[in-house]
Amino acid sequence: MNASVSKEPLDARDRPARLTVGVVGAGRVGPALAASLQLAGHRPVAVSGVSDASRRRAAALLPDVPLVEPAEVLARADLVLLTVPDDVLPTLVEGLAETGAVRPGQLLVHTSGRYGARVLDPALRAGALPLALHPAMTFTGTAVDVQRLAGCSFGVTAPEELRLAAEALVIEMGGEPEWIAEESRPLYHAALALGANHLVTLVAQSMELLAKAGVSAPDRMLGPLLGAALDNALRSGDAALTGPVARGDAGTVAAHIGELRAHAPQAVAGYVAMARTTADRALAHGLLKAELAEDLLGVLADQESRPGGPGAGESR
């Protein structure tokens with residue numbers, strides 16, 4: 001593949017080596033990436049999808065691209081995007097390699113955050129060129145995803161000789177390549193899940209509690225607060241910690257837990273766990289005074305040890 005890794009905008013007319021692109025698994029990610037590659041001058045030629053929703057996504061983002069079986073996708077495409085769930089990926093790769101669907105010289109790209117390039121070893125032995133390109137972004141399955149790829153970081157893992165090709169593809173999609181070592185992929189993915197996936201849970205839970213408290217527009221109330229908190233955290237890390245836990249207000253924390261037990265008992269375990277983690281970080285960074293931390297940690301310990309408290313009924 002003849003591509004530059006310059007981070008200047010890439011004009012499709014400047015790169016004669018265009019690829020035919022196929023997608024195996026028309027979930028939220030694959031069609032968006034293929035549509036982005038199409039904007040860079042590559043040509044989507046085939047897509048596979050099983051559910052009605054995946055077929056609708058493919059039709060919306062990749063109009064006129066035929067829906068075919070996975071093996072046929074590989075037969076038609078120079079670059080194949082394997083955009084299937086993590087747990088499905090190893091079996092899919094093994095099956096495609098064993099049935100002879102993989103062609104020598106074919107670029108085989110998966111988008112799993114959990115796996116590096118090694119999961120593609122069966123295809124590598126069949127002559128494919130393995131790349132792991134994981135966009136660190138949540139996808140909606142709509143055209144807005146193509147726009148959001150601009151500036152999106154991609155976790156990139158590939159054999160050293162394919163590094164430039166992997167980075168070039170990411171840049172063509174408008175993304176920013178970030179090299180992740182093979183052995184670091186699970187930790188990298190855990191970090192993203194901890195921040196992004198749990199954030200959604202926390203925000204949704206917070207909106208539910210505000211609604212119970214009588215707030216008519218929880219989203220409007222939380223928007224500026226959470227936006228500022230996120231911006232401060234990205235800029236300053238632990239120095240951005242605020243609130244009753246970071247201040248050591250043990251009485252306020254105890255009152256919070258009492259209210260949650262009365263109105264949303266399912267939220268207690270999460271509150272206590274996050275409060276303890278926040279307290280530990282605030283204490284370690286000198287934000288929480290040691291004399292205040294003792295009472296605060298005592299409140300949290302009491303909640304963890306009481307019958308029905310966080311952790312009750314869990315196997316050890």
Side-chain angles (χ1 to χ4, degrees), residues 113-114 136-138 140 148 153 184 186-316:
R114 171 184 172 188
M137 186 180 89
T138 57
T140 64
R148 288 178 176 172
S153 291
S184 296
L187 178 60
Y188 153 79
H189 195 225
L192 293 180
L194 183 66
N197 302 156
H198 296 173
L199 176 64
V200 174
T201 302
L202 289 171
V203 173
Q205 199 168 56
S206 182
M207 288 198 295
E208 288 177 357
L209 294 173
L210 286 172
K212 284 187 176 182
V215 175
S216 60
D219 55 342
R220 190 164 64 239
M221 176 175 281
L222 282 176
L225 174 65
L226 298 186
L230 177 60
D231 184 64
N232 291 340
L234 292 175
R235 290 174 183 271
S236 305
D238 286 307
L241 284 171
T242 63
V245 173
R247 291 192 300 267
D249 292 341
T252 299
V253 171
H256 286 177
I257 295 172
E259 287 299 300
L260 292 176
R261 286 201 181 280
H263 300 286
Q266 73 281 0
V268 172
Y271 182 97
V272 171
M274 289 303 300
R276 174 171 284 282
T277 301
T278 300
D280 289 343
R281 297 187 72 89
L283 189 59
H285 287 81
L287 302 173
L288 174 60
K289 296 179 180 179
E291 59 269 24
L292 298 177
E294 184 174 357
D295 287 344
L296 175 66
L297 294 175
V299 167
L300 297 175
D302 287 344
Q303 297 300 323
E304 290 172 329
S305 63
R306 66 177 288 178
E314 292 180 1
S315 59
R316 300 294 180 186

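Predicted model, so just to flag it, every value in this text is computed and none were measured. Starting from 1, each residue takes its place in the sequence as its number.
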Using a 3.5 Å cut-off and no angle test, enumerate the donor-acceptor pairs between side-chain atoms of residues 240-250 and protein atoms at least two apart in sequence or in another chain.
from	atom 1	to	atom 2	distance (Å)
R247	NE	D249	OD2	3.0
R247	NH2	D249	OD2	3.4

- Check side chain to side chain donor-acceptor pair (under 3.5 Å) between T140 and all other residues, then give those that pass, not counting sequence neighbours. T142, D145

- Which distance, rounded to the nearest 0.5 Å, do you find between the CZ of R276 and the CG of L296? 8.5 Å

- For R148, check side chain to side chain donor-acceptor pair (under 3.5 Å) against everything at least two apart and list the hits. none

Using atom types as modelled, flag every donor-acceptor pair under 3.5 Å from a side chain in residues 205-217 to any protein atom, sequence neighbours excluded.
from	atom 1	to	atom 2	distance (Å)
K212	NZ	H263	O	2.7

- Item | Where at least one partner belongs to residues 225-239, residue pairs that pass side-chain hydrogen bond (donor to acceptor under 3.5 Å, both in side chains), sequence neighbours excluded | D231-R235, D238-R281, D238-H285

- Message: Just verifying a value: how many Å separate Q266 CD and L260 CG, rounded to the nearest 0.5 Å?
- Response: 8.5 Å

- Message: Return the OG1 to CD1 distance between T252 and I257, rounded to the nearest 0.5 Å.
- Response: 11.0 Å

Using distance only, find each side-chain donor-acceptor pair of residues 187-196 under 3.5 Å and give its atom names and separation, not counting sequence neighbours.
from	atom 1	to	atom 2	distance (Å)
Y188	OH	H134	ND1	2.7
Y188	OH	G155	N	3.4

- Taking atom OG1 of T278 and atom CG of L300, what is their separation to the nearest 0.5 Å? 9.5 Å

- Message: Set out, in order, the CA-CA distance, both residues' side-chain angles and the distance that settles side-chain contact (heavy atoms from CB on, under 4.5 Å) for V200 and T138, then state yes or no.
- Response: CA-CA 11 Å; V200 174; T138 57; 5.9 Å; no

